[in-house]
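Everything on this sheet refers to the single structure shown next.
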Amino acid sequence: MSIPKKGTRKILVDGETFIWLIRRQATNCQVDYPDGHIHVAVAHASEPGSVLGVITDKLHSQGFILTPIQTVTPKDVAKWIKQAIQLGWIPKKSGRTFQVCVISNSMIKACGAD
């Protein structure tokens, strides 16, 4: 599986180049509920492999928001890539999407993830 190249941003983490993407249009769940969080997709830039799916603890700007919006920064994405690799994500190895959730500054594998 891969992520579309259009709209991605590049980031260098530990000498490896990755691309990352936040879906521009919110999903129905992200819009309709006050807990619609931003989802980030990450992949290795030059070698196909598994995609990292990050469900952040930051609320989507198009959602039903009662609190101030927090943005996703490249610094956040770099930190999440490093944490996901420590959890077992192998960016250059083909396979299913490696789903993780970010809670505060901690990362856990998403429920049902191998």
Side-chain angles (χ1 to χ4, degrees):
M1 185 175 197
S2 65
I3 59 176
K5 302 287 188 251
K6 185 175 181 178
T8 60
R9 297 183 65 183
K10 287 188 178 184
I11 188 166
L12 187 65
V13 177
D14 295 335
E16 297 282 340
T17 305
F18 295 88
I19 56 173
W20 61 283
L21 173 72
I22 298 173
R23 181 181 164 139
R24 290 184 189 272
Q25 186 63 35
T27 64
N28 289 337
C29 288
Q30 289 171 319
V31 171
D32 293 340
Y33 299 99
D35 61 349
H37 293 97
I38 295 173
H39 298 190
V40 180
V42 181
H44 196 273
S46 60
E47 296 186 37
S50 71
V51 172
L52 171 64
V54 181
I55 301 170
T56 72
D57 56 354
K58 299 173 186 290
L59 298 177
H60 200 287
S61 63
Q62 294 176 3
F64 181 76
I65 299 174
L66 301 174
T67 60
I69 297 170
Q70 294 177 308
T71 59
V72 172
T73 65
K75 185 177 178 180
D76 293 328
V77 175
K79 177 176 63 174
W80 296 334
I81 291 170
K82 290 177 183 182
Q83 289 176 335
I85 290 171
Q86 289 176 347
L87 282 176
W89 178 49
I90 303 171
K92 297 179 187 178
K93 182 179 178 186
S94 294
R96 294 174 34 186
T97 300
F98 192 85
Q99 258 330 102
V100 295
C101 296
V102 174
I103 302 167
S104 295
N105 285 320
S106 299
M107 179 180 281
I108 60 169
K109 280 188 174 181
C111 295
D114 294 326

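Since the structure is predicted, the reported quantities are computational estimates derived from the model, not experimental observations.
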Please assess Val13 against Ile11 for the test side chain to side chain contact (heavy atoms under 4.5 Å, CB included), listing each intermediate value before the final yes or no. CA-CA 6 Å; Val13 177; Ile11 188 166; 4.2 Å; yes
Could you please spell out the steps behind the side chain to side chain contact (heavy atoms under 4.5 Å, CB included) verdict for Trp20 and Val72? CA-CA 11 Å; Trp20 61 283; Val72 172; 4.1 Å; yes
Between Val100 and Trp80, is the side chain to side chain contact (heavy atoms under 4.5 Å, CB included) condition met? List the steps. CA-CA 9 Å; Val100 295; Trp80 296 334; over 6 Å; no
Test log, rule side chain to side chain contact (heavy atoms under 4.5 Å, CB included), inputs Trp89 and Ile81: CA-CA 9 Å; Trp89 178 49; Ile81 291 170; 4.1 Å; yes
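Of the candidates Lys82, Lys75, Gln83, Lys79 forms a side chain to side chain contact (heavy atoms under 4.5 Å, CB included) with just one, namely Gln83.
Note that OG1 of Thr56 and CG of Asp76 are 8.5 Å apart. Values are rounded to the nearest 0.5 Å.
Ring-plane geometry between Phe18 and His44 is classed as perpendicular, the angle between the planes exceeding 60 degrees on a 0 to 90 degree scale with a lower cut at 30.
Hydrophobic clustering keeps Ile22 apart from Ile55 (ILVMFWY residues linked when any side-chain heavy atoms are closer than 4.5 Å, directly or through intermediates). Val102 and Leu87 fall within the same hydrophobic cluster, defined by Ile, Leu, Val, Met, Phe, Trp and Tyr side-chain heavy atoms under 4.5 Å apart, directly or through other members.
Between Arg96 and Ser50 the shortest heavy-atom distance is O-CB, 3.5 Å. For Lys6 against Leu21, the heavy-atom pair with the smallest separation is O-CD1, 4.1 Å. The minimum heavy-atom distance linking Ala41 with Val51 is given by the pair CB-CG1, 4.3 Å.
Looking only at side-chain heavy atoms (C-beta outward), Arg9 and Pro74 come within less than 4.5 Å of each other.
Clustering of Ile, Leu, Val, Met, Phe, Trp and Tyr side chains at separations under 4.5 Å places Ile108 together with Ile103.
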